[in-house]
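In what follows, chains carry the letters A, B, and so on, assigned in the order in which the sequence lines appear, proteins first and then strands, with residues in each chain numbered from 1.
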Number of protein chains: 2
Amino acid sequence: MSRKPMARPGGRSARVQASVHAAVREIEAEAGRAALTVPAVAARAGVTPSTIYRRWGDLQELLSDVAVERLRPEEPPADRGSLDADLTSWARQFLDEMASGPGRAYVRDALLGDPDGSNAGRCSAYAADQIEAVVARAAERGETAPTVEAVLDHVVAPMMYRILFRPGPLPAAYADQLVRAVLAAPPTGR
Amino acid sequence: MSRKPMARPGGRSARVQASVHAAVREIEAEAGRAALTVPAVAARAGVTPSTIYRRWGDLQELLSDVAVERLRPEEPPADRGSLDADLTSWARQFLDEMASGPGRAYVRDALLGDPDGSNAGRCSAYAADQIEAVVARAAERGETAPTVEAVLDHVVAPMMYRILFRPGPLPAAYADQLVRAVLAAPPTGR
DNA sequence: CACCTTAAGGCACATTTTTTGCGTCTGGGG
DNA sequence: CCCCAGACGCAAAAAATGTGCCTTAAGGTG
């Protein structure tokens, strides 16, 4: 409840939030993660540290907030003509973004400083929305498609598991393989 | 590299490590997470804060260390007579432990304060070892079993994904369903 | 439009945590 | 038995976090 109840997009709260978020991104880009401290962000954003502590609680929650924004997809998944192509394309891009160095960091940040799991839930919802779009398009075409749940369980989950728990490279082919498997299985992922 | 290079099980380093770990567990049990600070742990463990900072770096890395120990299975998976029964039993127990309030906290801790992902990797290795044991036993019986990778991808990963990204209850039936699916699929999870 | 209410921010200060330099002790090896 | 290296304790400095109190500005009201 303390996160985004900004009064109005033009209000002061909104300006503060924007400049703080911008400061986080700038400092991280210029000086790296180690330089990210509440006082540093506050100075850069032109606010006092106490403002950040009061609004976000601590650095982790702030980073979590910023990370979730970065993980939000900016556009709906591309239409490649078929369910198979759409899903493969989307999964590849997802894996590519998430498995990159910065991507892994954002995922971890989003998961961190998130006592109630609401930020993590938002991330999952982003993916679910994207998949929903792909599945809906397939339905319009008359294709039989897996449920969103099945895709989350057997495409998204394995990728995230590896990203989080198994350091090491993840080739695009891995995404392809997961998509193939979920499309080959009986329509309902049960 | 800074984690467990204790010189010898009887050395001073080992004693310090043990008392610090114990202090973490005790404080958490008695006063809750909020009371866990480096100075508090140090006082309880009878060491100075600087010792903890030098050995672990910060509180998160220490908690990560402790969490990994707690997540280590203490015994091999029970032998229930068949692959299906073994895997179902193991998955249920895994889900039960991981999805509980404390379980989720340990998982998050383990993931946190783990810049290089080595602690997370250890968690994954624990699960892989358990699964390996189940699969090996099945092979001895002459049963055809899925690969360890397939079980990680399609049983463990979905459970962890929900635990981390989708707050909400996870019934044991969910584990059952995942196991059924992986056993029904063609032997190699490809 | 002027006024009121209230959430949010600034500022200064207190407290706590984190870092660092340096001397000492412990344990392993020659 | 002596030496070396790593780990720890201690104390002081530096940085961070948390709080009380006042000011500002957004949004609603008459």
Side-chain angles (χ1 to χ4, degrees), chain A residues 1-24 26-28 30-66 69 109 112-115, chain B residues 1-24 26-28 30-66 69 109 112-115:
Chain A
M1 295 208 51
S2 63
R3 225 62 49 88
K4 313 238 183 186
M6 62 187 122
R8 200 59 66 92
R12 181 166 70 161
S13 296
R15 278 196 305 278
V16 168
Q17 147 136 355
S19 71
V20 167
H21 276 217
V24 168
E26 289 165 13
I27 293 178
E28 183 175 20
E30 291 171 16
R33 213 187 176 63
L36 275 176
T37 68
V38 171
V41 171
R44 178 80 175 228
V47 301
T48 64
S50 64
T51 294
I52 293 182
Y53 287 119
R54 278 202 248 261
R55 264 187 77 157
W56 282 277
D58 61 18
L59 181 63
Q60 289 189 347
E61 288 197 43
L62 171 57
L63 293 186
S64 181
D65 222 39
V66 173
E69 284 218 355
D109 283 346
L112 250 74
D114 185 23
Chain B
M1 298 202 49
S2 64
R3 228 57 53 89
K4 314 234 183 183
M6 59 187 127
R8 203 57 64 93
R12 180 167 70 161
S13 295
R15 278 197 304 279
V16 168
Q17 149 136 355
S19 71
V20 168
H21 275 218
V24 168
E26 290 165 13
I27 293 178
E28 184 176 18
E30 293 172 15
R33 220 192 167 60
L36 274 176
T37 68
V38 171
V41 171
R44 178 81 176 227
V47 302
T48 64
S50 64
T51 294
I52 293 182
Y53 287 118
R54 279 200 249 258
R55 262 185 82 156
W56 282 277
D58 61 18
L59 181 64
Q60 290 189 346
E61 289 197 42
L62 171 58
L63 293 186
S64 182
D65 223 38
V66 173
E69 285 218 356
D109 283 346
L112 250 74
D114 184 22

* To do: Could you pull out all residues at least two apart from B:Ala31 that satisfy side chain to side chain contact (heavy atoms under 4.5 Å, CB included)?
  => B:Ala35
* Asked: Thinking salt bridges, do B:Asp109 and B:Arg33 make one under a 4.0 Å N-O criterion?
  -> yes
* Asked: Heavy atoms, side chains only, cut-off 4.5 Å: are A:Val38 and A:Trp56 in contact?
  -> no
* Asked: Quick one: are B:Leu112 and B:Leu63 in side-chain contact, heavy atoms under 4.5 Å?
  -> no
* Asked: Is A:Arg44 salt-bridged to A:Glu30, cutoff N-O under 4.0 Å?
  -> yes
What's touching nucleotides 20-25 of chain C from the protein side, N or O pairs under 3.5 Å?
| from | atom 1 | to | atom 2 | distance (Å) |
| --- | --- | --- | --- | --- |
| C:dG21 | O6 | B:Arg54 | NH2 | 2.5 |

* Is there a side-chain contact between A:Val66 and A:Glu69, using heavy atoms and a 4.5 Å cut-off? -> no
* Asked: Under a 4.5 Å cut-off applied to non-hydrogen side-chain atoms, are A:His21 and A:Val16 in contact?
  -> no
* Within less than 4.0 Å of OP1 or OP2 of C:dG10, is there a side-chain N or O belonging to A:Thr51? -> yes
* To do: Please list residues of residues 31-48 of chain A whose heavy atoms come under 4.0 Å from any atom in DNA chain C, ordered by number; otherwise none.
  => A:Gly46, A:Val47, A:Thr48
* Asked: Has B:Arg55 got a side-chain N or O lying under 4.0 Å from the OP1 or OP2 atom of D:dG9?
  -> no
* Asked: What integer distance in Å separates A:Leu62:CG from D:dA16:C1'?
  -> 15 Å
